[in-house]
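A short write-up of the structure that comes next.
As the structure is a prediction and not an experimental result, all values here were calculated from the model.
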Amino acid sequence: MKRLCSLLLALLSLLSAAGADKPFENPLVFGNNRLTLITPTLFRLEYALDGKFMDAPTYFAYDRSHLLRDFEVTELGGGRYEIRTSRLRIVYENDGFPFGLHNFAAYYKLNGKEKKFTNRCIFRNNLGGAIETLDRVTEAVPLDDGLLSRDGWYLIDDEGSDLLVDGWLARRDTKRHVQDQYCFVYGNDYRAALADLGAIGGRVPMTRKSIHGVWYCRYWNYTAQDYIDIVRGYDQYDFPLDNIVFDMDWHTLDATVGTGHAGSRSWTGYTWNRKLIPDPAGLVDTLHKLGVTVSANDHPHDGIRPHEAVYGDFMRAMGEDPASGRTLLFDAGDSTYMRNFFRYAHHNPDSDDLDFWWLDWQQNYLYPKVRGYEISTLRWLNHLYYRDSERDDRRGAGYSRWAGWGDHRHPIQFSGDAQANWELLAFEVLLSATSSHAGCYYWAHDIGGFRGERNPELYVRWTQFGALSAALRIHSTKSKELDRRPWLWGERETEAMRRAYHLRSELMPYVYSSVWQVHSTMVPLNRSLFIDYGEQEAAYRNPQEFLFGDLLLAAPITCPGEGEERTASQKVWFPEGEIWYDFFTHEAHEGGTECDVSKPLDAFPLFVRGGWVLPTQPYTS
């Protein structure tokens with residue numbers, strides 16, 4: 001019996017020792033601090049006064065499913081720990097204070113040398129991101145930050161942001177949960193940084209194919225027959241068309257109450273203007289049969305007012321008496337209001353067959369934040385409109401201004417009312433490449449510019465850039481001079497634009513395969529050169545060019561040409577290690593060289609990476 005007791009005590013001692021040495025689990029908790037390893041190059045730092053941490057998603061940190069399993073923790077003694085991933089070495093001293101108060105550092109490799117990151121580092125050498133809109137922009141402006149920096153790290157502070165609980169907004173306890181930071185520490189691996197954005201923010205969705213095609217949009221009071229004639233005109237003049245957009249005049253403009261926008265109460269509306277469009281559902285059906293999708297402009301800031309045809313049904317659904325004549329304030333933070341808003345404003349019999357809506361929200365000065373929450377109204381509306389577009393088991397389709405971190409889940413972005421000049425065209429080239437660093441992967445620009453002087457040459461060059469963008473979308477203000485149907489700008493210009501439009505159609509297999517790559521890897525479609533060639537210093541010095549997917553290198557013309565052919569040039573640097581073939585002439589260019597490439601009006605600098613198959617299709621309208 002004595003021997004049996006001794007054996008049992010020995011076994012218990014071994015089990016106790018095994019328990020004491022049990023491996024650390026992810027997330028790693030040290031008192032009131034919590035460190036979550038998400039990927040080898042991304043981790044989260046939290047501090048909660050009561051040790052109660054936050055696991056609900058936020059608008060930015062949308063995907064909580066990723067936890068790194070392959071890591072090591074070594075206890076160094078004295079409350080100090082070394083945490084290793086395949087890419088990082090993190091040293092932490094558990095002194096009870098929030099992460100960053102002289103108790104934390106991460107070591108990583110940059111250009112072959114070990115560097116130190118702390119969350120007290122100063123932001124420098126950022127490689128640019130996106131901006132919300134080009135409204136009122138006439139030339140290059142400073143970019144907001146993106147994830148990519150030549151320092152090899154970036155930090156996103158999510159402290160204080162609203163939570164998403166059961167599909168709706170919820171406030172977090174900001175007095176107790178006082179630190180919430182996401183540390184992207186990637187060194188030279190820019191692709192890892194973008195993949196990390198997908199790991200915590202959710203990957204950019206796979207889009208509907210049609211949104212990457214050709215769009216027609218114009219601010220004009222078109223009739224139903226006008227819209228049908230426009231679509232037939234594209235066929236008649238041998239141009240492709242995929243999407244047609246009804247700008248504001250699709251609805252009545254007879255509101256007598258409202259907060260107004262730009263001096264008018266008529267921007268918000270949900271009652272079809274039957275003088276222009278007698279049978280809305282019939283028109284949408286006809287346009288669908290002609291092979292195009294249909295979307296409509298929406299400024300929702302004044303909500304559903306007494307003059308609207310759906311007012312009575314909406315008010316009764318809200319538990320209100322329509323006889324009161326009251327106008328309920330548009331309230332994006334009220335789930336009941338928004339559910340009934342979508343039901344009656346968007347899904348009434350006249351509007352239900354529209355393919356998606358253009359959220360033209362411009363009311364940041366009136367409603368900068370959702371009532372009762374910290375989130376901006378634009379960010380939340382982009383989420384709600386995108387979710388609503390997924391009904392009937394369809395892929396979502398957004399169409400709105402950029403709203404910042406996390407908005408990559410709601411493509412496609414509308415870049416605003418661009419000024420028609422050469423300076424802004426050049427800036428859009430840069431913006432389209434850098435915006436993906438912040439998750440803004442797909443811009444729908446106003447090709448040719450929204451307002452400005454009529455300039456056929458500028459319009460052609462902008463169209464060539466648009467042919468290598470996420471969408472070839474035209475739009476213009478209410479001006480007789482700026483109808484941007486491409487056959488209205490002169491014979492030579494029409495032929496040059498037809499060539500660009502046909503190129504877009506022929507490249508669609510390549511474009512949509514590249515879109516799948518964006519969805520799968522978070523590597524951008526319009527791509528800064530240093531994402532692929534960051535070890536080459538020249539990749540950082542040539543913002544006038546970009547990669548379009550893996551195989552195409554483009555340097556759009558952004559200045560007026562000379563002579564009868566309007567020949568203009570652009571500097572092109574060809575990355576080392578490749579041979580690049582001129583798409584139009586098939587001339588070979590050796591990598592590591594630089595030259596000025598001149599092109600007449602009907603061509604532009606476009607090159608194919610040698611040794612690869614570029615998938616195309618026969619032209620289709």
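- Applying the salt bridge (Lys or Arg N to Asp or Glu O under 4.0 Å) rule to Arg150 yields the partners Glu537; only residues at least two apart in sequence or on another chain are considered.
- Within the structure, salt bridge (charged side-chain N to carboxylate O under 4.0 Å, His left out) pairs that include any residue of residues 196-211 do not occur (at least two apart or interchain).
- Here the side chains of Leu381 and His410 are not in contact, with every heavy-atom distance at 4.5 Å or above.
- Taking the centre and axis of the six-membered ring of Phe104, the NZ or CZ atom of Arg120 falls outside the cone set by 45° and 6.0 Å.
- For NZ of Lys571, the number of neighbouring non-hydrogen atoms (other residues, nucleotides, ligands) closer than 6.0 Å is greater than 12.
- No side-chain heavy atom of Tyr540 sits less than 4.5 Å from a side-chain heavy atom of Leu529.
- With sequence neighbours excluded, the residues satisfying side-chain contact (heavy atoms from CB on, under 4.5 Å) with Val572 are Glu545, Leu553, Ala555, Phe574, Val597, Pro605, Phe607.
- Every residue two or more places apart in sequence or in another chain that forms a side-chain contact (heavy atoms from CB on, under 4.5 Å) with Glu139 is listed here: Glu423.
- Nearest approach of Leu197 to Phe60, heavy atoms of both residues: CD1-CE1, 3.9 Å.
- Residue pairs that meet the side-chain hydrogen bond (donor to acceptor under 3.5 Å, both in side chains) test with at least one member in residues 587-598, sequence neighbours left out, do not exist here.
- Evaluation of the salt bridge (charged side-chain N to carboxylate O under 4.0 Å, His left out) test over residues 450-466, restricted to residues two or more places apart or in two chains, returns Glu457-Arg566.
- Taking every heavy atom of both residues into account, Leu547 and Tyr533 meet most closely at CD1-CE1, 4.0 Å.
- Between Pro411 and Tyr386, the shortest heavy-atom contact is O-CE1, 3.3 Å.
- Under the rule for a salt bridge (Lys or Arg N to Asp or Glu O under 4.0 Å), the partners of Asp180 that lie at least two apart in sequence or sit in another chain are Arg44, Arg172.
- In this structure Asp162 satisfies the salt bridge (Lys or Arg N to Asp or Glu O under 4.0 Å) test together with Arg171, sequence neighbours excluded.
- Across every non-hydrogen atom of Tyr441 and Ser436, the tightest pair is CD2-CB, 3.9 Å.
- Every salt bridge (Lys or Arg N to Asp or Glu O under 4.0 Å) that Arg527 has, sequence neighbours left out, goes to Asp532, Asp550.
- The ring pair (Phe, Tyr, Trp, His ring centres under 6.0 Å) search around Phe414 returns Trp358, not counting sequence neighbours.
- Scanning for side-chain hydrogen bond (donor to acceptor under 3.5 Å, both in side chains) contacts around Ser528 gives His437, with sequence neighbours left out.
- Here Ser432 pairs with Trp443, His445, Phe465, Asn526 under the side-chain contact (heavy atoms from CB on, under 4.5 Å) rule; sequence neighbours left out.
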